[in-house]
Amino acid sequence: MTIRLIISALFILAGLHIIITALIGNFRLNYVLNRMQIGATADTMGAILMLIGIIIKTGFSIITLKLVIMVVFFWIASPVASHYLARTEVIANEKILDECEVVKK
């Protein structure tokens with residue numbers, strides 16, 4: 001085994017561990033905004049770690065450039081999408097003040 005294979009396997013396993021831990025922890029949370037925050041954070045971090053592991057495994061080529069673009073896309077798009085979903089929940093839920101504290105402008 002080469003050192004590159006070991007390092008890439010560690011990154012992939014770390015990303016998988018984060019996603020599985022968040023999946024299990026998501027069932028323990030009661031409120032949708034808490035679940036959304038955990039899901040967005042773990043999804044972004046887990047996917048980025050797994051993609052970095054694949055980047056290390058493939059070496060430097062045109063595939064690496066495509067994977068780096070995917071990392072940047074995940075890094076930007078996932079938190080933005082989760083933010084808009086959370087804002088929609090705050091606007092649409094009539095009982096939001098009973099369930100959590102919402103800071104209004």
Side-chain angles (χ1 to χ4, degrees):
M1 273 202 241
T2 64
I3 190 77
R4 200 165 82 188
L5 178 64
I6 294 170
I7 294 172
S8 67
L10 288 175
F11 272 100
I12 292 171
L13 288 174
L16 191 61
H17 173 71
I18 288 173
I19 290 173
I20 290 173
T21 304
L23 177 69
I24 294 169
N26 226 351
F27 287 111
R28 295 179 177 234
L29 297 172
N30 296 328
Y31 188 61
V32 68
L33 291 177
N34 296 337
R35 290 180 178 185
M36 198 173 302
Q37 192 269 335
I38 293 297
T41 304
D43 178 37
T44 303
M45 187 63 156
I48 287 174
L49 283 175
M50 292 173 74
L51 285 172
I52 288 172
I54 295 171
I55 288 170
I56 292 170
K57 176 68 177 111
T58 58
F60 295 105
S61 64
I62 192 70
I63 296 172
T64 306
L65 179 63
K66 292 176 185 179
L67 290 171
V68 168
I69 292 171
M70 285 178 61
V71 166
V72 171
F73 178 75
F74 272 126
W75 190 26
I76 295 171
S78 183
V80 170
S82 296
H83 171 77
Y84 282 118
L85 283 172
R87 293 278 298 176
T88 303
E89 173 67 20
V90 168
I91 292 169
N93 192 350
E94 296 172 354
K95 300 178 183 178
I96 192 78
L97 295 176
D98 298 336
E99 298 173 356
C100 67
E101 180 181 338
V102 178
V103 178
K104 295 199 178 202
K105 293 181 182 179

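A quick note: this is a predicted structure, and the numbers were derived from the prediction, not measured.
- Counting all heavy atoms, side chain and backbone alike, T44 lies closest to W75 at CG2-CA, 4.3 Å.
- Separating the CD1 atom in I56 from the CD1 atom in I12 is a distance of 8.5 Å, to the nearest 0.5 Å.
- Closest approach of D43 to S78, counting heavy atoms only: OD2-OG, 3.6 Å.
- With rounding to the nearest 0.5 Å, the separation of CD1 in I52 from CG in L10 is 13.0 Å.
- Separating the CD1 atom in I3 from the OG atom in S8 is a distance of 10.0 Å, to the nearest 0.5 Å.
- Minimum interatomic distance between I19 and A42 (heavy atoms only, all atoms of both residues): CG1-O, 4.0 Å.
- A heavy-atom distance below 4.5 Å is not found between the side chains of Q37 and L29.
- The hydrophobic clustering, which links ILVMFWY residues whose side-chain heavy atoms are closer than 4.5 Å, places V80 and I48 apart.
- Hydrophobic clustering of Ile, Leu, Val, Met, Phe, Trp and Tyr side chains at less than 4.5 Å, counting indirect connections, unites I69 with F74.
- The minimum heavy-atom distance between R4 and K57, with the atom names listed, is NH2-O, 3.3 Å.
- Here the straight-line distance linking atom CD1 of I55 with atom CG of L65 works out to 9.5 Å at 0.5 Å rounding.
- Under the 4.5 Å side-chain contact rule for hydrophobic residues, I54 and I63 share a cluster.
- The main-chain N or O of T64 is never found under 3.5 Å from a side-chain atom of T58 such that the two would form a donor-acceptor pair.
- To the nearest 0.5 angstrom, R35 atom CZ is 6.0 Å from N26 atom CG.
- To the nearest 0.5 Å, atom OG1 of residue T88 and atom CE of residue M36 are 8.0 Å apart.
- At a threshold of 4.5 Å between side-chain heavy atoms, the hydrophobic network of Ile, Leu, Val, Met, Phe, Trp and Tyr places M45 and V71 in one connected group.
- Note on F27 and I20: separate hydrophobic clusters, where clusters join Ile, Leu, Val, Met, Phe, Trp and Tyr whose side-chain heavy atoms are under 4.5 Å apart, directly or indirectly.
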